[in-house]
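Here is the naming used below: chain letters follow the sequence lines, and residue numbers restart at 1 for every chain.
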2 protein chains.
Amino acid sequence: MSSSFVKSAERTLDVLHLLASRLRPVPASVVAQECGIPRSSTYHLLNVLHERGWVNHYEAEHAWGLGVTAFETGSAYLRSEPLQRAGRPLLAALTEHTGDTAHLAILEGTDVLYIDKEESRTAPRLVTEIGVRLPAHLTAVGRAILSRLSPAQVRALYARPVLVRRTGRGPRNVHELLGELAAVATRGYAVEEGTTTVGICCIAAPVIGHDGLPAASVGITFVAAQRQGDQRDDAAVKVVETANRLAGALGPRRLTG
Amino acid sequence: MSSSFVKSAERTLDVLHLLASRLRPVPASVVAQECGIPRSSTYHLLNVLHERGWVNHYEAEHAWGLGVTAFETGSAYLRSEPLQRAGRPLLAALTEHTGDTAHLAILEGTDVLYIDKEESRTAPRLVTEIGVRLPAHLTAVGRAILSRLSPAQVRALYARPVLVRRTGRGPRNVHELLGELAAVATRGYAVEEGTTTVGICCIAAPVIGHDGLPAASVGITFVAAQRQGDQRDDAAVKVVETANRLAGALGPRRLTG
DNA sequence: ACTCGGTGTCTCGCATACGAGACGGCGTAC
DNA sequence: GTACGCCGTCTCGTATGCGAGACACCGAGT
């Protein structure tokens, strides 16, 4: 929480951010100006970054750009499974508060992949396991993610406009799916009842990365008959909150970008 | 060149490097110890990194891992086209010294993609243009790259063991290709004569990233009849030098990783 | 030749960023 | 309960990292 202050560290990150935001390498003078760093300090800093491969120095064009080390470090991000890690305690809390099994899922192609779950104590073994893949359009978690893509993106995703069904319910084609997604988008969360498994209901909300794209979604699953009307609304609020909290945990603490 | 010294900047990079090198988030105490940073300074630093999303703080497990900003920044690396940028002046110098057209190429699947070129002044318009794709096994640039993959990797790359030919020369199958690649590996550079275009010869050397993998390759092209024996050897030395210099320009200046 | 504007290097004195250390909280062992 | 270990926060005096500024270089313009 406490806003610490470490000048050179901040400058380091500022420089990297600047270089990342320009698609072409920039001269040192621009770095100094844009980041508000004195000339000589800028060179001190660039040299350190250069030494370690975080920036490249293109002597011919007197310009500085990002280096491989930045790339390598960035690639390591995914290996730490940040979604699962940040999500796990939040899923646990969600299950705690609703009593239901909670899921974390991501989109892969037109499927959702369940990447984490917290079991309900009262009604275990409902549907999915970690690692399971289901058609996105049939699941609440899937629709929650799709609802934050543009219709054009959704259409591009579905090469064939006819959609599979499992229970005789659910959208038959991309057009129907888009209708449903629009409703999800305005409502803020997705509800699915009986399109995955008869008698089972899911509520899910998207986790929006600070780039504006849906990175994942959080959902809960319960026996449809056991939860109606207001009870579902209350649960939905908690699901949305959890999704937003997860989004918050993943982005930067402050809003500069 | 001059080894500048900016303590907090170096620490920042040390921390990021540490987090990237561990596949799991680590406690602050480990960061402090491994990077040799005093306890309180470590927190100062982690807070700054956290504020900007460069690291995530997983409170539940009291551990710190890389954040999305690291990922986003790393992704921007490729946008700056570092190979072309660092390569261009080196290609120009190579053409200057050999008189031949010089190319920079990368591997995409089983093809090579030519991403930059410097035209010979004496014998222009020999073969390829930027953006052209050719089967890797027929070109010197391709073989140079493949020669630095393991035989297993090469086999995995080629789903079908039968290879296309263009001029009635060149390896007929993966087995023959592997034989040729072994020769290339020991020689240090690849030579191709007449497998791409009759009468044309290419010499190429791989650009080895500091992760040990071939990132690209540098090659020259000339009319086969105009350059024999010693002349080719001399040119090959220059090609290898250029490739190594390019590798050097892309990696970190110092050897710690 | 001479200036001008832009790079990149290097030094050294002084403002200030850092770190010792104290504090509070939380979990775990016994 | 009590003691211990580890985590994260905060303060304040002082060792030291940083930045003004001088220097060298280079290419372009006149």
Rounding to a whole Å, what distance do you find between [X]:[atom1] and [N]:[atom2]?
X       : N      : atom1 : atom2 : answer
A:Phe5  : D:dT9  : CZ    : C1'   : 18 Å
A:Leu45 : C:dT9  : CG    : C1'   : 16 Å
A:Leu46 : D:dG19 : CG    : C1'   : 15 Å
A:His50 : C:dT7  : NE2   : C1'   : 15 Å
B:Asn47 : C:dC18 : CG    : P     : 13 Å
B:Arg11 : C:dA17 : CZ    : C1'   : 10 Å

Verify the contact: side-chain N or O of [X] to OP1 or OP2 of [N], cut-off strictly under 4.0 Å; return yes or no.
X       : N      : answer
B:Arg39 : D:dC10 : no
B:His44 : C:dG19 : no
B:His62 : D:dG8  : yes
B:Ser40 : C:dG21 : no
A:Ser41 : D:dG19 : yes
A:Tyr43 : C:dG8  : yes
B:Trp64 : D:dG8  : yes

Could you check whether the rings of A:Phe71 and B:Tyr77 sit parallel, tilted or perpendicular, using 30° and 60° as the cut-offs? tilted

Over 12 non-hydrogen atoms of neighbours within 6.0 angstrom of CZ in B:Arg24: no

More than 12 foreign heavy atoms under 6.0 Å from CD of B:Gln33: is that the case here? no

To the side chain of A:His57, which of D:dC7, D:dG19, C:dG8 is closest? C:dG8

Option from B:Thr73, B:Thr12, B:Leu66 for which side chain to side chain contact (heavy atoms under 4.5 Å, CB included) with B:Trp54 holds: B:Thr73

B:Asp116 with B:Arg85: basic N within carboxylate O range, under 4.0 Å: no

Toward the 5' end of DNA chain C, by each residue's nearest nucleotide, B:Lys7 or A:Pro27: A:Pro27

Ranking A:Val30 and A:Ala9 by the position along DNA chain C of their nearest nucleotide, the one closer to 5' is A:Val30

